[in-house]
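Notes to accompany the following structure.
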Amino acid sequence: MKPLGKLTVVCGSMYAGKSEELIRLARRSLYAKKKVQVFKPSIDDRYHQTMVVSHMGVQHEADTAVNVAELQAKVRKDTQVLLIEEVQFFEPSVVEFVVQQSDRGVDVIVAGLDQDFRRQPFGPMPALLAAADEVIKLRAICMKCGNPASHTYRMVDGKPAHWDDPIVLIGATESYEARCRNCFEIRKGKKK
Ligand code: ADP
Ligand code: ZN
């Protein structure tokens, strides 16, 4: 009988533990002797090209893909568990792709940021959350006050980012923190 596929979305802010959860689920599938493939977008070379690495250094081997076409080409026919890290960086067609895989009987687990630094829905995440069978929403700890944190706060040269700051800033030092709604900050309007 055809196995029943499933789509699980792991989401939350930065530092919420999405990578650790994805790695934990990948390891469980390997213990269950399933055929597992882990992918991450090539754009995310934060720590390592061929590894998923959490902020605490937990790591797991991963294959990379620049786009959905490459994901499609690299997924093997006999894969039973398909995991995708930083899924928010893939184009909108990733939604149709993971739904097709789930329909085929694959256990698909994707992890991604649900909000950008403006607290706006991130890329394909809203549609992925709508399509999911199961959603695991994780929270980090606010780095200012210690409350549970659902937001990713962006700092540029030590100050809150502007709403209209470009995603890639040349020559500026930027950093990200997990923040609760009380401590989240952004500077509105045109950058002066
Ligand atoms: P994500 O993939 O969601 O960015 P990771 O799985 O890479 O998160 O990292 C989660 C780990 O980061 C936690 O287990 C914890 O040890 C560490 N960490 C560092 N800063 C924070 C924070 N502000 N809140 C929660 N965990 C944090
Ligand atoms: Zn706070």
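When a residue number appears, it is its place in the shown sequence, counting from 1. Counting convention: from 1, in listed order, for ligands and their atoms alike.
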Should we say atom [atom1] of [X] is surrounded by more than 12 heavy atoms from elsewhere, each under 6.0 Å from it?
X      : atom1 : result
Lys74  : NZ    : yes
Arg139 : CZ    : no
Glu61  : CD    : no

Should Tyr153 and Cys183 count as side-chain neighbours, where that means a heavy-atom distance under 4.5 Å?
->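 No; the side chains remain at least 4.5 Å from each other.
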Test item: His60 and Leu22 side chains (from C-beta on) under 4.5 Å apart, heavy atoms | no
Sub-4.0 Å atoms of ligand 1 with respect to non-hydrogen atoms of [X]:
X     : answer
Ser54 : 5 (P), 6 (O), 7 (O)
Met14 : 4 (O)
Met56 : 11 (C), 12 (O), 15 (C), 16 (O), 17 (C)
Ser13 : 3 (O)

Mind checking whether Gly17 has a heavy atom under 4.0 Å from ligand 1?
-> yes
Is there a heavy atom of Cys142 sitting under 4.0 angstrom from any atom of ligand 1?
->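 Judged by the 4.0 Å heavy-atom criterion, Cys142 does not count as contacting ligand 1.
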Pick one of side chain, backbone, both or neither for how Met143 approaches ligand 1, counting any non-hydrogen atom pair under 4.0 Å.
->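 Side chain only.
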What part of Ala111 sits under 4.0 Å from ligand 1 if we count only heavy atoms: the side chain, the backbone, both or neither?
-> neither
N/O to N/O below 3.5 Å, does that happen between Tyr15 and ligand 1?
-> yes
Is there a nitrogen or oxygen of Ala140 sitting under 3.5 Å from a nitrogen or oxygen of ligand 1?
-> no
From the options Lys144, Arg24, Glu20, Glu86, select the one whose nearest heavy atom is closest to atom 11 (C) of ligand 1.
-> Glu20
Which is closest to atom 22 (C) of ligand 1 by heavy-atom distance: Thr152, Ile23, Ile141?
->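 Among Thr152, Ile23, Ile141, the closest heavy atom to atom 22 (C) of ligand 1 belongs to Ile141.
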SG (Cys145) to the Zn ion (ligand 2) to SG (Cys142) angle, given to the nearest 10 degrees = 110°
Quick one: do Arg179 and Glu185 make a salt bridge, cutoff under 4.0 Å?
-> yes
Any luck finding a side-chain donor-acceptor pair between Glu85 and Ser19 under 3.5 Å?
-> yes
Just checking, is any N or O donor in the side chain of Gln88 or Glu86 under 3.5 Å from an acceptor N or O on the other one?
-> yes
For Leu113 and Phe122 the tightest heavy-atom approach is O-CB, 3.2 Å
